[in-house]
Amino acid sequence: MTTVHTGASGRAPARPDPAGARPGLTCDELLTTTRSVRRAMDLTRDVDLDVVKRCLTTALQAPNGANRQPWRWLVLTDPGVRAAVAAVYRRAFLDRNGPPPPRPPAPGDRAARMVEDARELAGKLHRVPVLVIPCLELDVTELPSGNQASMWSSVLPAAWSYALAARTYGLVTAWTTVHLDREKEVAGLLGLPPTVHQGPLLPTAHGTRTTFRPAPRRPLQDVLHVDGWRGGPEVHHEIPEEGRA
């Protein structure tokens, strides 16, 4: 994948790319404006599988537990396969969210608008040219009932790295897990062994727009804890003697 070099201004210079990449983004721009895109997808334009493979090659540099690399990557391009998975996805979406409301969301109702954006994605998922599903191949058929953070940390960073890499090629992705409500149905369609467990679904397409803004987020001071749960912003608690190194 093309390396982005930044000049004195901190912005990567525009560069032509035969794969159709957009002009380079700074690291901050890439990290703060890569969105989960549900509407602005160009469904009339094919996505080059070689570009998807380049993005996945980059994603394989993500951290994972003990470098065991248990990830497996499903890339769905066949129209029939995509249509079958999309049909299951739509049933899961309907079960979770119900039918469309009689009226559009009120202005400013961000939560309702997000559901409607997600409903649009569900309705057109079969037309999205590439569907990527990162998976974990484990030694067990059933996931543990306890904390699974360690296990999923061996694939989720790579999944997001794929989304970031795709952005540098002018592609957009969405991050969704609705299909997991009917995971066994999807696994049956794709012939997955019982030891392969699906992660998020990443619909991938060229974007109908190239610029995005940072998403609304709670300010850092509302979520930051320093040196323990009770430590608010810039508050440091005295460490007991027995806890000192």
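Computed from a predicted model, the values in this text were never measured in an experiment.
- Expressed to the nearest 0.5 Å, how far CH2 of W152 lies from CG of L156 amounts to 7.0 Å.
- Placement of L43 and V85 within a single hydrophobic cluster is found when ILVMFWY residues are connected by side-chain heavy-atom separations under 4.5 Å, directly or transitively.
- Ionic pairing of R54 and D50 is not present here: no N-O contact between side-chain nitrogen and carboxylate oxygen is shorter than 4.0 angstrom.
- For the atom pair NZ of K53 and OG1 of T58, the computed distance is 14.5 Å after rounding to the nearest 0.5 Å.
- Between the side chains of T208 and R39, no donor N or O sits under 3.5 Å from an acceptor N or O.
- With hydrophobic clusters built from ILVMFWY side chains whose heavy atoms lie under 4.5 angstrom apart, V196 shares a cluster with L189.
- The side-chain heavy atoms of V172 and R209, taken from C-beta on, include no pair separated by under 4.5 Å.
- Between T204 and L131 there is no side-chain heavy-atom pair separated by less than 4.5 Å.
- Hydrophobic clustering places W175 together with V130 (ILVMFWY residues linked when any side-chain heavy atoms are closer than 4.5 Å, directly or through intermediates).
- Cluster membership check: L180 does not share its hydrophobic cluster with V178, using side-chain heavy-atom separations under 4.5 Å among Ile, Leu, Val, Met, Phe, Trp and Tyr.
- Using a 4.5 Å heavy-atom threshold, the side chains of Q198 and V186 count as touching.
- Formation of a donor-acceptor pair under 3.5 Å by the D117 side chain with backbone atoms of R38 is not found in this model.
- When all heavy atoms of S154 and G65 are compared, the closest pair comes out as OG-N, 2.8 Å.
- Smallest separation of non-hydrogen atoms from A59 and A158: CB-O, 3.3 Å.
- Listed for the R82 side chain is a donor-acceptor partner under 3.5 Å among the backbone atoms of H126.
- Electrostatic pairing of R119 and E116 counts as a salt bridge here, judged by a charged N lying under 4.0 Å from a carboxylate O.
- Between I133 and L202 there is no side-chain heavy-atom pair separated by less than 4.5 Å.
- H197 contributes a side-chain N or O that, together with a main-chain N or O of V140, makes up a donor-acceptor pair within less than 3.5 Å.
- In this structure, D109 contributes its side chain and P105 its backbone to no donor-acceptor pair below 3.5 Å.
- Closest non-hydrogen pair, T195 versus D139, comes out as CG2-C, 4.4 Å.
- Using cut-offs of 30° and 60° for the angle between ring planes, the W71 and W73 rings count as tilted.
- Judged purely by atom type and a 3.5 angstrom limit, T168 uses its side chain to pair as donor or acceptor with the backbone of A165.
- Side-chain atoms of R90 come within 3.5 Å of backbone N or O of A122 as a donor-acceptor pair.
- Side-chain contact between V155 and P70 is absent, with no heavy atoms from C-beta onward closer than 4.5 Å.
- Side-chain contact check for Y162 and T173: no donor-acceptor pair (N or O, by modelled atom type) lies under 3.5 Å.
- Between the side chains of T26 and D28, no donor-acceptor pair is found at a separation under 3.5 Å.
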Could you go through R182 and R91, starting from their C-alpha distance and side-chain angles, then the distance that decides it, and tell me whether this counts as side chain to side chain contact (heavy atoms under 4.5 Å, CB included)? CA-CA 9 Å; R182 291 175 175 251; R91 291 196 293 272; 3.7 Å; yes

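- Using a 4.5 Å cut-off on side-chain heavy atoms (C-beta onward), T77 and V52 make no contact.
- The closest donor-acceptor contact from the side chain of N64 to the backbone of R68 lies under 3.5 Å.
- L121 and M114 fall into different hydrophobic clusters, where Ile, Leu, Val, Met, Phe, Trp and Tyr residues are linked whenever their side-chain heavy atoms come under 4.5 Å apart, directly or through other members.
- Taking every heavy atom of both residues into account, A92 and D181 meet most closely at CB-CB, 4.0 Å.
- Annotation: side chain of R167 is in contact with side chain of F212 (closest heavy-atom distance under 4.5 Å).
- Considering only heavy atoms from C-beta on, H206 comes within 4.5 Å of V47 through its side chain.
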Between R127 and M41, is a side chain to side chain contact (heavy atoms under 4.5 Å, CB included) present by the stated rule, with each step listed? CA-CA 10 Å; R127 299 178 58 203; M41 289 185 164; over 6 Å; no

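- The CG atom of L60 lies 11.5 Å from the SG atom of C55; values are rounded to the nearest 0.5 Å.
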Residue pair L138, L143: steps toward the side chain to side chain contact (heavy atoms under 4.5 Å, CB included) verdict: CA-CA 9 Å; L138 305 174; L143 296 178; 3.8 Å; yes

Would you sort out whether L125 and T176 count as a side chain to side chain contact (heavy atoms under 4.5 Å, CB included), showing the intermediate values? CA-CA 11 Å; L125 189 64; T176 178; over 6 Å; no

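- Counted within 6.0 Å of CD on Q148, heavy atoms from surrounding residues, nucleotides or ligands total more than 12; the atom is thus considered enclosed.
- A donor-acceptor pair under 3.5 Å links the side-chain atoms of R35 to the main chain of T32, judged by distance alone.
- Nearest heavy-atom pair, S161 versus A62, reported as atom, atom and distance to 0.1 Å: OG-CB, 4.1 Å.
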